[in-house]
2 protein chains.
Amino acid sequence: MEQRNYNQYCATARTLDLVGERWTLLLIRELLTGPKRFSDLQHSLRGMGTGLLAARMKHLEREGLARKVTLPPPARTPAYALTPAGVDLEPVVMALARWGLTWAMDEPRDQENFHPGWAVLGLKACFDAEAATGLRALYEFRVEEEVFHARIDDGTIETVHGPAQHPDVIITTGRETFRDLAASRSTLDEAISSGAASAAGNRQALRRLHDLFRLPHRRTRSAAPSSAS
Amino acid sequence: MEQRNYNQYCATARTLDLVGERWTLLLIRELLTGPKRFSDLQHSLRGMGTGLLAARMKHLEREGLARKVTLPPPARTPAYALTPAGVDLEPVVMALARWGLTWAMDEPRDQENFHPGWAVLGLKACFDAEAATGLRALYEFRVEEEVFHARIDDGTIETVHGPAQHPDVIITTGRETFRDLAASRSTLDEAISSGAASAAGNRQALRRLHDLFRLPHRRTRSAAPSSAS
DNA sequence: CGGCATCCATTTTGATACTG
DNA sequence: CAGTATCAAAATGGATGCCG
């Protein structure tokens, strides 16, 4: 398996040889917020058979994009994490996310899945580095059972699954609200104003929060008739 | 066909629903340097059956990412071009290319295909906007039969298939040299010094050329053992 | 239960032949 | 040139079974 290559001496094609198969980039997406166990992945990726999941992870290991790790105490359970090469795919996933936020995130469809972790990456895709200059703060997001945090440090953002050590601000929302943030259908700011989300903690960090994530300008795809260049 | 969706309310997954299938992003790549005819695409994508090519193009049209156009005189032949939504996928293709340049472009393999158009995008992926501040110049690349040009305008670059109107500099190289540039195995500068490439034209634009493309720092993938965060 | 391997019905694909 | 039609080979997804 995995022998199907494009056979092109081209950086894009070579990359797609490695991560272009079905599910692979979504596995990378899952691992971008921290190590995950086999069953976590299985649970996030409904529709992917266990056999295929195992095969894909083996492929990612063989190619040096992911590796097996043991979660630190008290978990001590085996999990998968990204290698440096895997982490370096983040710009690819973010580029896909930004395109999707602009061109593809209309109403949620019936039966469509949703996990808060995806929304965290959606937020990250909207992160405005300019707006974060000089800011150093830890934000914790609590979405029903799930917890994430974002560490912002002067124009950089890191988003990780799990609680923060000493968060400056804690944002608490329901699933639907957070889902709408993921799709940038509403801003964090709006959600807080309307009471759908609540934020508590350091006043200064709270005030900066408003500007940290900029909505992409939503557009509609259409094949307008025209003649070429 | 094309009914296989990830069914996730996630910007990344939604984007992959549209362009994540085999060959699709490579079709986008081909169209990023200008409109192409069916047979051009067929020729660039060895291994893709004509039926699948037709199906993919129909899909891209239906989804508003590409459209049929008529090439301007004297060609007057039908072709495919990207819509604004399609053009907007460029950051995705460039992110894939940059990753590939860093992690995946080792020696060309036996039987591996190569087209100069890919190299043009490889150059674009290395473009250093900072180095181009204040520069406004047209560079034409001639690689055996193929011609491309890059229009640089103060930190922006546009790369297009075909000759330029009044190029400031004309760079002429052989296929192999240009292929090595694509892989950033050598710099344009080195190729010119060694005589593998020649550049003629406006002295000022020529001098700036050296710094416009920055090699990504090449690295090797490996699954180093470690424990998790 | 976590982490797979196996089997099989359904889709996708690759390659070629054929048509307007 | 720009596709359609056809068909064998490969990939997928789902269920099931195994083993510590």
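Letters A, B, ... are given to chains in the order of the sequence lines, protein chains preceding strands, and every chain is numbered from 1.
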Examine [N]: is either OP1 or OP2 under 4.0 Å from a nitrogen or oxygen in the side chain of [X]? Give yes or no.
X       : N      : result
A/Arg4  : C/dG14 : yes
A/Lys36 : C/dG2  : no
B/Tyr80 : D/dG3  : yes
B/Arg46 : C/dG14 : no
A/Arg22 : D/dG13 : yes
A/Lys58 : C/dG3  : no

Tell me the interatomic distance from [X], atom [atom1], to [N], atom [atom2], rounded to whole angstroms.
X       : N      : atom1 : atom2 : value
B/Gln42 : C/dG14 : CD    : P     : 14 Å
B/Leu52 : D/dA8  : CG    : P     : 18 Å
B/Leu53 : C/dT13 : CG    : C1'   : 13 Å
A/Met48 : C/dC4  : CE    : C1'   : 13 Å
A/Asn5  : C/dG14 : CG    : C1'   : 15 Å
A/Leu26 : D/dT12 : CG    : P     : 13 Å
B/Arg76 : D/dC1  : CZ    : P     : 19 Å
A/Met57 : C/dG3  : CE    : P     : 11 Å

I'd like to know if B/Glu90 pairs up with B/Lys124 as an ion pair, taking the criterion as any Lys NZ or Arg NE/NH1/NH2 lying under 4.0 Å from an Asp or Glu carboxylate oxygen.
yes

Are B/Glu112 and A/Arg14 ion-paired here, with the side-chain N under 4.0 Å from a carboxylate O?
yes

Does the pair B/Asp88 and A/Trp99 meet the rule for a side chain to side chain donor-acceptor pair (under 3.5 Å), with working shown?
CA-CA 7 Å; B/Asp88 217 25; A/Trp99 192 91; 4.6 Å; no

Looking across every strand, which nucleic acid part, if any, lies under 4.0 Å from A/Thr77 by heavy atom: base, sugar-phosphate, or nothing?
nothing

How would you label the contact of A/Ser39 with the nucleic acid (heavy atoms, under 4.0 Å): base, sugar-phosphate, or nothing?
sugar-phosphate

Side chain of [X], heavy atoms from C-beta onward: which of [options] has the nearest atom to it?
X       : options              : result
A/Arg37 : C/dG3, D/dT4, D/dA10 : C/dG3
A/Phe38 : C/dG3, C/dC4, D/dT12 : C/dG3
B/Trp23 : C/dT13, D/dA2, C/dC4 : C/dT13

Reading DNA chain D from 5' onward, which residue's closest nucleotide shows up sooner: B/Gly51 or A/Gly47?
B/Gly51

Give a yes or no on whether a donor-acceptor pair under 3.5 Å exists between the nucleobase atoms of D/dA2, that is its base, and the side chain of B/Thr50.
no

Rounded to the nearest 0.5 Å, how far does CG of B/Asp180 lie from OH of A/Tyr9?
6.5 Å

Let me confirm one number: the OG-CD1 distance from B/Ser198 to B/Ile171, rounded to the nearest 0.5 Å.
9.0 Å

Position toward the 5' end of DNA chain C (nearest nucleotide), A/Tyr6 or A/Ala54:
A/Ala54

Could you please spell out the steps behind the side chain to side chain donor-acceptor pair (under 3.5 Å) verdict for B/Gln8 and A/Arg29?
CA-CA 13 Å; B/Gln8 299 182 350; A/Arg29 174 197 66 184; 2.8 Å; yes

